[in-house]
Amino acid sequence: MQKPISEFVNRVITGDCITVMQEMPEASVDLIATDPPYLVGYQSRDGRTVANDNRSEWLMPAFHEMYRVLKNNRFLVCFYGWNRVDRFFAAWRAAGFYRVGHLVWVKPYHSNEAFVRYSHESAYLLAKGSPAKPAIALRDVLEWQYTGDTLHPTQKPVMAMLPPILAFSAVHDIVLDPFVGSGTTAVAARSLGRRYIGIELDPVYAAKAQERVRREGIQ
């Protein structure tokens, strides 16, 4: 049974994002900005892992629900695993999204090394409907300043999320992150005068994220 969107706004909700989004009304959020598991079985140097990062059954139903709850003519900013991009593209297309841009954050360090040194993060800008060009022409290459991973093993810096949220949403809009992790998207949205909805499967990370928004988000 679906609930009014007001019951979700300015909260970090503990639960499976597919189940939670199924309770949200259709076309009820203005922007989705998210950093889902990359499907690579990630483990940090201190042994922390990411839930569902070793399986992909959730991928298509999650993006199906994202498409449903996103308003028409709006955007999804989605980080992805470069070596699993075929699976992400399949899920995006099946849901109805199409790509309109690509964002790259350049790191001043490399996070891993194999055949090359991995020193960037990237996200696709995806659209539902036919959005108007934003007032801010965001550069597709952005800066990255490492701020630690004490709250989550794949924690993103707030400064990385500020430019896309500023460019692709307006004040008072609702910004959804179905994989909110450390709460970075929620903090960035709140700091820019947007409302937020965060969903996190792990109750420990969900509690940390909500506390972080309370502590860091501008009221």
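Bear in mind that the values here come from a model prediction, so they are computed numbers and not experimental data.
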To check you understand the geometry: which heavy-atom pair defines the closest contact between [X] and [Y], and what is its length?
{"X": "Asn10", "Y": "Arg195", "value": "OD1-CA, 3.5 Å"}
{"X": "Gln2", "Y": "Met24", "value": "CD-O, 3.6 Å"}
{"X": "Trp105", "Y": "Pro164", "value": "CZ2-CG, 4.3 Å"}
{"X": "Leu201", "Y": "Thr14", "value": "O-CG2, 4.1 Å"}
{"X": "Glu121", "Y": "Phe79", "value": "CB-CE2, 4.1 Å"}
{"X": "Ile5", "Y": "Ser28", "value": "CD1-OG, 3.5 Å"}

Consider only side-chain heavy atoms of I, L, V, M, F, W and Y, link residues closer than 4.5 Å, and tell whether [X] and [Y] are in one cluster.
{"X": "Trp82", "Y": "Leu59", "value": "yes"}
{"X": "Met161", "Y": "Val104", "value": "no"}
{"X": "Val106", "Y": "Leu162", "value": "no"}
{"X": "Val175", "Y": "Val171", "value": "no"}

If you measure from [atom1] on [X] to [atom2] on [Y], what distance do you get to the nearest 0.5 Å?
{"X": "Tyr196", "Y": "Thr185", "atom1": "OH", "atom2": "OG1", "value": "12.0 Å"}
{"X": "Met159", "Y": "Glu143", "atom1": "CE", "atom2": "CD", "value": "6.0 Å"}
{"X": "Asp177", "Y": "Cys17", "atom1": "CG", "atom2": "SG", "value": "9.5 Å"}
{"X": "Ile13", "Y": "Thr19", "atom1": "CD1", "atom2": "OG1", "value": "12.0 Å"}

CA sep, side-chain torsions, deciding dist, call: Cys78, Phe63, side-chain contact (heavy atoms from CB on, under 4.5 Å): CA-CA 10 Å; Cys78 188; Phe63 283 104; 3.6 Å; yes

Are side-chain heavy atoms of [X] and [Y] found at a separation under 4.5 Å?
{"X": "Phe8", "Y": "Val20", "answer": "yes"}
{"X": "Trp144", "Y": "Lys156", "answer": "yes"}
{"X": "Arg194", "Y": "Ile174", "answer": "no"}
{"X": "Met60", "Y": "Arg93", "answer": "no"}
{"X": "Leu76", "Y": "Thr34", "answer": "yes"}

Partner set under salt bridge (Lys or Arg N to Asp or Glu O under 4.0 Å) for Arg68, not counting sequence neighbours: Glu65

Enumerate donor-acceptor pairs with a distance under 3.5 Å from any side-chain N or O in residues 123-141 to protein atoms, sequence neighbours excluded.
| residue | atom | partner | partner atom | Å |
| --- | --- | --- | --- | --- |
| Lys128 | NZ | Tyr67 | O | 2.7 |
| Lys128 | NZ | Leu70 | O | 2.6 |

Between [X] (side chain) and [Y] (backbone), is there a donor-acceptor pair under 3.5 Å?
{"X": "Arg74", "Y": "Leu31", "answer": "no"}
{"X": "Arg190", "Y": "Val213", "answer": "no"}
{"X": "Arg11", "Y": "Ile197", "answer": "no"}

Parallel, tilted or perpendicular, as decided by the 30° and 60° cut-offs, for the rings of Trp92 and Phe89: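 Rings of Phe89 and Trp92: perpendicular, as their planes differ by over 60°.
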
Side-chain donor-acceptor pair present, Ser182, Tyr205, cut-off under 3.5 Å: no

Between Arg212 and Thr184, a side-chain donor and acceptor under 3.5 Å: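 Side chains of Arg212 and Thr184: pair found under 3.5 Å.
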
Evaluation steps, salt bridge (charged side-chain N to carboxylate O under 4.0 Å, His left out), between Glu211 and Arg214: CA-CA 5 Å; Glu211 172 58 24; Arg214 187 199 65 77; 2.6 Å; yes

Phe168: partners by ring-ring contact (aromatic ring centres under 6.0 Å, His included), with sequence neighbours left out: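 Once residues adjacent in sequence are excluded, the partners of Phe168 under the ring-ring contact (aromatic ring centres under 6.0 Å, His included) criterion are Phe75.
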
Intermediate values then yes/no, salt bridge (charged side-chain N to carboxylate O under 4.0 Å, His left out), Asp30 and Lys71: CA-CA 6 Å; Asp30 301 285; Lys71 293 179 182 177; 2.8 Å; yes

